[in-house]
Number of protein chains: 2
Amino acid sequence: MPAPALLRARDGGSAATRRAILAAAEALLAQGGEAGLSIRELCARARVTAPTVYHHFGDKGALLDRLVDACFAELDRAFTRRRSPADPVEALRWGFDRYVEYGLAHPSHYRLMFQRSMPRRPTPAALASYDRLRRRVAAIAAAGRLVPAVEDATAAFWSAVHGVTSLLIAGFWKSDAPAVTLVREAMLNQLTTQLTS
Amino acid sequence: MPAPALLRARDGGSAATRRAILAAAEALLAQGGEAGLSIRELCARARVTAPTVYHHFGDKGALLDRLVDACFAELDRAFTRRRSPADPVEALRWGFDRYVEYGLAHPSHYRLMFQRSMPRRPTPAALASYDRLRRRVAAIAAAGRLVPAVEDATAAFWSAVHGVTSLLIAGFWKSDAPAVTLVREAMLNQLTTQLTS
DNA sequence: GGTACTCCTATAACGGCGCTATAGGAGGCC
DNA sequence: GGCCTCCTATAGCGCCGTTATAGGAGTACC
C-alpha cells in the first residue's frame, strides 16, 4: 500500500512545519516570556507566514495550548526520568522537590502553564499531570498512611507546592530558603501518618 | 496665603482627572480582567484622551502599579475592617480566611496583583501588606509559640495561602473544599505550638 | 496526458493596541 | 499687556492578532 506512505510523506512535511512552529514558539517563550511571544516574530523565526500558523493551530490561544501541553509533558518527564523512592511518602516528598525544580528551571514555561494572561480551561496534559499526582497520593492511601481523602489531599498538596513555586519564580525568596522545606513538611505531616510499626 | 489655595484648586482638578482615570481602570479590570483593560477603552470611559493618561501616569505599567497599590490597600482593609481574634494563632488562622475571601471576591484584582503579564517589582503597598503578615507572625513569636524563624514562617505561610487562593480563583475546586482547610491547618500545625499550660 | 479536487502556503490588508511629537488653551506672576 | 508652567487634544507611528483572497503542489480519475 504505497498510498498511505505517500500520504504520510505529505503529512510528514506538514508535521515538520508544525514542529518548526512549536519549536520557534518555545524558543521565543524561553527568551522573552509570554509577552515576547508574538506571532509575527514566531513566523520570522520559523520561516513561515502567518496564515500557515493559523491553518495549523487555529489561533494564538490554541497554539499556546499546544505549547502548554508540551510543557506538562516535560514536567512529567521530570518525574519519570529518575526513579522515585519506593516508600510512597518519601516519593511524595521527592515529587515536591522535582516540581519546584522544574518551575525554577523553566520559569517562563511555568508561568504560561498556570498564569496565562487569557485564562483557559486546563489542557488534557494538565489534567494528566494532575492525575499523576493523585496516583502518588493514592499510593500513600493504599499503604494506609493517608489521613484525609485522596482527592482533598491531592488538591491541598498541589496548591501548596504551586504556591511555593509561584513565589520562588516571582523572585520573592531564594530556592534554598527554609520556607520551602517548611511548606513541604507541613503538608507531609498534615496529610500522612508516620510509620508506627 | 491665597496662592497655595489656588494651587490646590488647580491640583484638585488634576487630581480629579487622576481619580477618574483610576476609577475607569478599576471598572474595566473588574469587568474584563487585565486583557480587557486597554488605554483606549479607558480613555473613552473616563472622557479623557491618551496623552492625559500618559501625562499623569507615565505608561500603562505604572498605571497598573497604581491600581495594584489600590488593590493592596483594599486587601489590607479586609483585615482592619473587622477585629481580629486576640489569640495570635487564632488571628493568623482568621487572616488566612480573610485573604482567601478577598481573592475570591476580587479575582481579577488578585490576578493583577500577583500574575501581571509583564511582571514588575513589588509595589510599596505590596511590601506593606507583606509586612502586615510578618507582624502577625511576630506576635505569635512574641507569645513564645512560633517554631521557625519569623521570616521563614511568614514566607511559608504566605506561599501556602497564595497557592490556595490562586487555584481557587482558577476554578480548580470549590471554596468550601476540605483542601483549603487542610492547607491552613497544615501550616498552623507546622509553624506554631499548641498551648501546653 | 489532461483535469478537477484537496492541502498547504503566501500576499496584502483590516482593525486595534500602546505610545508620542506637536501644539494649543488656561490660569498664576510680573 | 507679556511670560511661564501645567494640563489636555489632534493626529499619527509602529506593532499586534487575524483573515480574505489567491496560487502552487501533489492525488485521483478520465
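Quick note on labels: first sequence line is chain A, next is B, and so on, each numbered from 1.
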- Message: So, OP1 or OP2 of D:dT8: does either fall under 4.0 Å of a side-chain N or O from B:His55?
- Response: no

- Can you check whether B:Ala156's main-chain N or O pairs, donor with acceptor, with B:Ser159's side chain at less than 3.5 Å? yes

- Item | Whole-Å distance separating the CZ atom of A:Phe57 from the C1' atom of D:dG17 | 16 Å

- Message: On the nucleotide C:dT9, are OP1 or OP2 found under 4.0 Å from the side-chain N or O atoms that A:Thr17 carries?
- Response: yes

- Task: Whole angstrom is fine here: how far is it from CD1 in A:Ile21 over to P in C:dC8?
- Result: 12 Å

- Of the nucleotides D:dC7, C:dC8, D:dT19, which one has an atom closest to the side chain of A:Tyr54? D:dT19

- Task: Apply ring-ring contact (aromatic ring centres under 6.0 Å, His included) to A:Tyr54 and list each qualifying residue two or more places apart in sequence or on a separate chain.
- Result: none

- What is the ring orientation for B:Phe114 with B:Phe72, classed by angle as parallel under 30°, tilted 30 to 60°, or perpendicular over 60°? perpendicular

- Can you tell me how far C1' of D:dT19 sits from CD1 of A:Ile39, to the nearest Å? 13 Å

- When the distance from NZ of B:Lys60 to P of C:dG18 is rounded to whole Å, what number comes out? 4 Å

- Phosphate contact (D:dC6 OP1 or OP2) by B:His56 side-chain N/O below 4.0 Å: no

- What residues form a side-chain contact (heavy atoms from CB on, under 4.5 Å) with B:Ala170, not counting sequence neighbours? none

- Polar contact flag, side-chain donor to acceptor under 3.5 angstrom, A:Asp69-A:Thr123: yes

- Task: Determine the contact category for A:Leu37: base if any of its heavy atoms lies under 4.0 Å from a base atom, sugar-phosphate if only primed atoms, P, OP1 or OP2 are that close, otherwise nothing.
- Result: sugar-phosphate

- Item | Between D:dC16 (C1') and A:Asp59 (CG): distance, integer Å | 14 Å

- Here the distance between atom P of C:dC19 and atom CG of B:Leu42, to the nearest Å, is 12 Å

Could you list the protein-to-nucleotides 9-12 of chain D atom pairs, N/O on both sides, closer than 3.5 Å?
residue	atom	partner	partner atom	Å
D:dA9	OP2	B:Thr49	N	3.1
D:dA9	OP2	B:Thr49	OG1	2.6
D:dA9	OP2	B:Thr52	OG1	3.2

- Query: Can you tell me if CZ on A:Arg116 sees more than 12 non-hydrogen neighbours from other groups inside 6.0 Å?
  - Reply: yes

- Between the main-chain N or O of B:Phe57 and the side-chain N or O of B:Arg18, is there a donor-acceptor pair closer than 3.5 Å? no

